[in-house]
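Written below as structure tokens is the structure these notes are about.
First the proteins, then the strands, lettered A, B, ... as listed; each starts at 1. Note that these values count all heavy atoms, side chains included, but never hydrogens, waters or copies made by symmetry.
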4 protein chains.
Amino acid sequence: MSNSEWINDLINDHDAPTMSDKQRKILEAAIDTFSEKGFAASSTSEIAKKAGVAEGTIFRHFKTKKELLLAIVTPTVAKFVAPFFIKSFAKEVFESEYEHYEDFIRVIAKNRLEFVRKQFPVLKIFIQEIAFHDELREPFQKLFTEHVYQKFKKIIEHFQEKGEIVSLPPETIMRMTASSIIGYILPRFLLFSDKEWNDEKEIDQIVSFIMYGLTGKR
Amino acid sequence: MSNSEWINDLINDHDAPTMSDKQRKILEAAIDTFSEKGFAASSTSEIAKKAGVAEGTIFRHFKTKKELLLAIVTPTVAKFVAPFFIKSFAKEVFESEYEHYEDFIRVIAKNRLEFVRKQFPVLKIFIQEIAFHDELREPFQKLFTEHVYQKFKKIIEHFQEKGEIVSLPPETIMRMTASSIIGYILPRFLLFSDKEWNDEKEIDQIVSFIMYGLTGKR
Amino acid sequence: MSNSEWINDLINDHDAPTMSDKQRKILEAAIDTFSEKGFAASSTSEIAKKAGVAEGTIFRHFKTKKELLLAIVTPTVAKFVAPFFIKSFAKEVFESEYEHYEDFIRVIAKNRLEFVRKQFPVLKIFIQEIAFHDELREPFQKLFTEHVYQKFKKIIEHFQEKGEIVSLPPETIMRMTASSIIGYILPRFLLFSDKEWNDEKEIDQIVSFIMYGLTGKR
Amino acid sequence: MSNSEWINDLINDHDAPTMSDKQRKILEAAIDTFSEKGFAASSTSEIAKKAGVAEGTIFRHFKTKKELLLAIVTPTVAKFVAPFFIKSFAKEVFESEYEHYEDFIRVIAKNRLEFVRKQFPVLKIFIQEIAFHDELREPFQKLFTEHVYQKFKKIIEHFQEKGEIVSLPPETIMRMTASSIIGYILPRFLLFSDKEWNDEKEIDQIVSFIMYGLTGKR
DNA sequence: GATGAATGAGCATTCATTCAT
DNA sequence: CATGAATGAATGCTCATTCAT
């Protein structure tokens, strides 16, 4: 199985097979509403109206409003970090065609951008609410530190040993890499989603920036 | 007037001279509460209690809850972008000791970090709420596009002409610069504020990253 | 047929032969719940869960929640007063071995205590709810005034004619007799059901009290 | 100070001086409603309507519906047992004109009957709800066992030593005394409050019954 | 007959805001 | 200027009951 395959696999929506029609409608309406007004400013009555169900129906499927939030956010966040979750992730990277750090982050970036494009409303909710709900922050922090961070770290160390990238602490490398990519994605979808974007080209530029900075000496 | 002077000038709290004791207490309590729970999830009665005033007193000073939000956020945001607001800003940069883009962003970064340290709760509120309130977003967008962006653009073009930085669109350069810095500041205060940070050194690393990337070929 | 026989007959559970398994489980669960939390504070969904049936099943067997209450309370109350209901009741008493009022109330007391022991939860529900439901109070009042009261009255008059008890109005005699007995039974089950009780002895004391008061001059 | 004086003193409504007009109206409406339909079946909106206030006003004065219940019931129950609460209670009894147990319970009975007449709705609520609320039962049990029971016990022992009443356990004597009186009061107000009652005469009969039973040998 | 999803009225409680004092 | 009682709409959630399967 080639890299592109297993990555794509994780992205596809193979979940929610047990979800009823109403349940899906409620989730959609809730995503809409939370995303637009924020969790605390959204009322369950509005969500019910938008979903075309009675208010009581929401609470038959989700015990509380907060549980509805978690039902929206958890699977998407899980899928977002899923590629890093795979056991063989780091190994695959080393043995793969990704000869350079550059290639690696380019693939990750393009692939995760695709995911963000599809799931932006949910990710927006996540970003907004993670600051206020322990039930959201704690599992995510665990997920991140125990899996994403560990795997990413090994990969960085691998390329540092190859002498390809500087010897800063891996978390610093990670932060720089991540914030450069996120610094594109966030405004792209949050502030200027109506603008036309050539994502392919932008990502190439960002990757280039990550590797060589702004001086252009490459 | 040297650069350091006018910058410091803008930071100092020369405002709020007309504010009564109660008013200040209300603002402090509101910052606390909004920052901790978010605007929508904070109740005016809780703020009143925390401020040690009667519920009605808040509405004597701020017509609505939203006006209270604006009263908190507006002056701080204004001060945050103030350096770019000054007419002579760009000119000063060109003629100043900042021979290199590197020096320029280093000063900006350190200086704005200082500001963020002091004002983080307010800026957190701003970041959280800008997505939901037109009254917040519109003036800020105007401020940004008409002043900050324009000035920053000129500066970038200046250094591009000097051949110091690559010929990407100025907004791309800006985004890369900004997100590298913000990508340090945000986690630093939002997620790991209890950790000990050597900000001076971190910023030097970030500036170096912005200029030369991760390859270390410099 | 001796007295003890017909009395025992009425107590035995010869009813509910047409009741399905589910129906019985629902009734049991409802008795549990109503008794513990009161009728109004009990929810049908909780009862359904406790009974191990679907929410809808309750309403297949009992049109409304109130009908469920009546189905619980009515047969038990009927059985409680049943001894007084029997046509030959008074006559049997006169011709029976009960030479004295004392013997009569002793048998009734012991016998009804036995019944209360078995059915306390249901009787508790009855006592709690009779004040609030006309559907409960009216048939009971009718039952009581037309049967229990009439029969009891004749018995009291019988013993008054024999000069065995004072010539107060029969209802006063009845009230004194009843409240002395009930004044034992109620706290015994309601407040101190965990304490060990020697019911036999207690009833003897109560009967003695009813007959001779507290002076002990007998 | 004669006995009748200190007893009357305790009965009079010297409380609630700090209660606002609205607060009193809410309490009255709540007593009405709770008494008529029971606590759980009463809605705060109905109480608000009956009291002529907004629903929110109820919750400004009483944090929860249950607190409203306690605010109604606690002071009345306290006043009901107040006579037994007084330090000198037992001593006064011994040295007083109450030469006989009979006189003592006659005064108590008449006096408490008067109280019940005025406060019946509240006492009805208490009786109904004590079974379901620990917050109600626990303080009352404490009050009763630590004060009422102790004092009453001493008085009973006093008259037992005088050879005036039988040597049953004091709590049995108490139960018999109390249930005879309560057995009059409860039906009198609960079931037949519309009937005309000669309370004076009835109580004399009850006291006589308590002392001498139904045989009339006195 | 039994289920349990669906309903929408109703619930206790909270809210931002007003206004008489 | 400050208060805090009063408001009534709105909130998240529960309820008894219905009905298609």
key: Pairwise 5' ranking along DNA chain E for D/K65 and B/T64, keeping only the more 5' one   = D/K65

key: F/dT7 OP1/OP2 closer than 4.0 Å to side-chain N/O of D/K22   = yes

query = Between D/L68 (CG) and E/dT13 (P), how many Å, whole number?
reply = 10 Å

query = In the structure shown, which nucleotide is the Watson-Crick or G-U wobble counterpart of F/dT17, with both distances under 3.5 Å?
reply = E/dA6

message = Tell me the interatomic distance from B/L69, atom CG, to E/dA16, atom P, rounded to whole angstroms.
response = 13 Å

query = In whole Å, what is the span from the NZ atom of B/K49 to the P atom of F/dT3?
reply = 15 Å

query = Is any side-chain N of the basic residue among C/D134 and C/R137 closer than 4.0 Å to the acidic one's carboxylate O?
reply = yes

inquiry  = How many whole angstroms separate atom CG of D/D21 from atom P of E/dT21?
reply    = 14 Å

request  = Please find out if less than 6.0 Å separates the ring center of B/F39 from that of B/F132.
outcome  = no

ask   = Can you tell me how far P of E/dG4 sits from CD1 of C/I58, to the nearest Å?
value = 13 Å

task = For the pair A/F120 and A/F189, name the ring-plane relationship: parallel under 30°, tilted 30 to 60°, perpendicular over 60°.
result = parallel

Near-ring test A/F126/A/F80, centroid separation under 6.0 angstrom = no

remark   = Result for 5'-nearest mapping on DNA chain F, choosing between A/S42 and D/A54, is D/A54

Closest-nucleotide 5' rank along DNA chain F - winner of C/S43 and D/G52 = D/G52

remark   = To the nearest angstrom, the CD-C1' distance between A/E46 and F/dC13 comes to 17 Å

request  = Could you state the atom-to-atom distance from NZ of B/K66 to P of E/dA16 in whole Å?
outcome  = 13 Å

Most 5' of D/F59 and A/G56 on DNA chain E, judged by nearest nucleotide = A/G56

inquiry  = I need the minimum non-hydrogen distance between D/E55 and D/A48, along with the two atoms involved.
reply    = CA-CB, 3.7 Å

remark   = Separation of E/dG1 atom C1' from C/K25 atom NZ, nearest Å, is 15 Å

note = Among the nucleotides F/dT17, F/dA5, E/dA20, whichever has the atom closest to the side chain of D/R60 is F/dA5

inquiry  = Any side-chain N or O of B/H61 below 4.0 angstrom from OP1/OP2 of F/dC1?
reply    = no

query = Which nucleotide in the list E/dA12, E/dA6, F/dG12 gets nearest to the side chain of D/T44?
reply = E/dA12

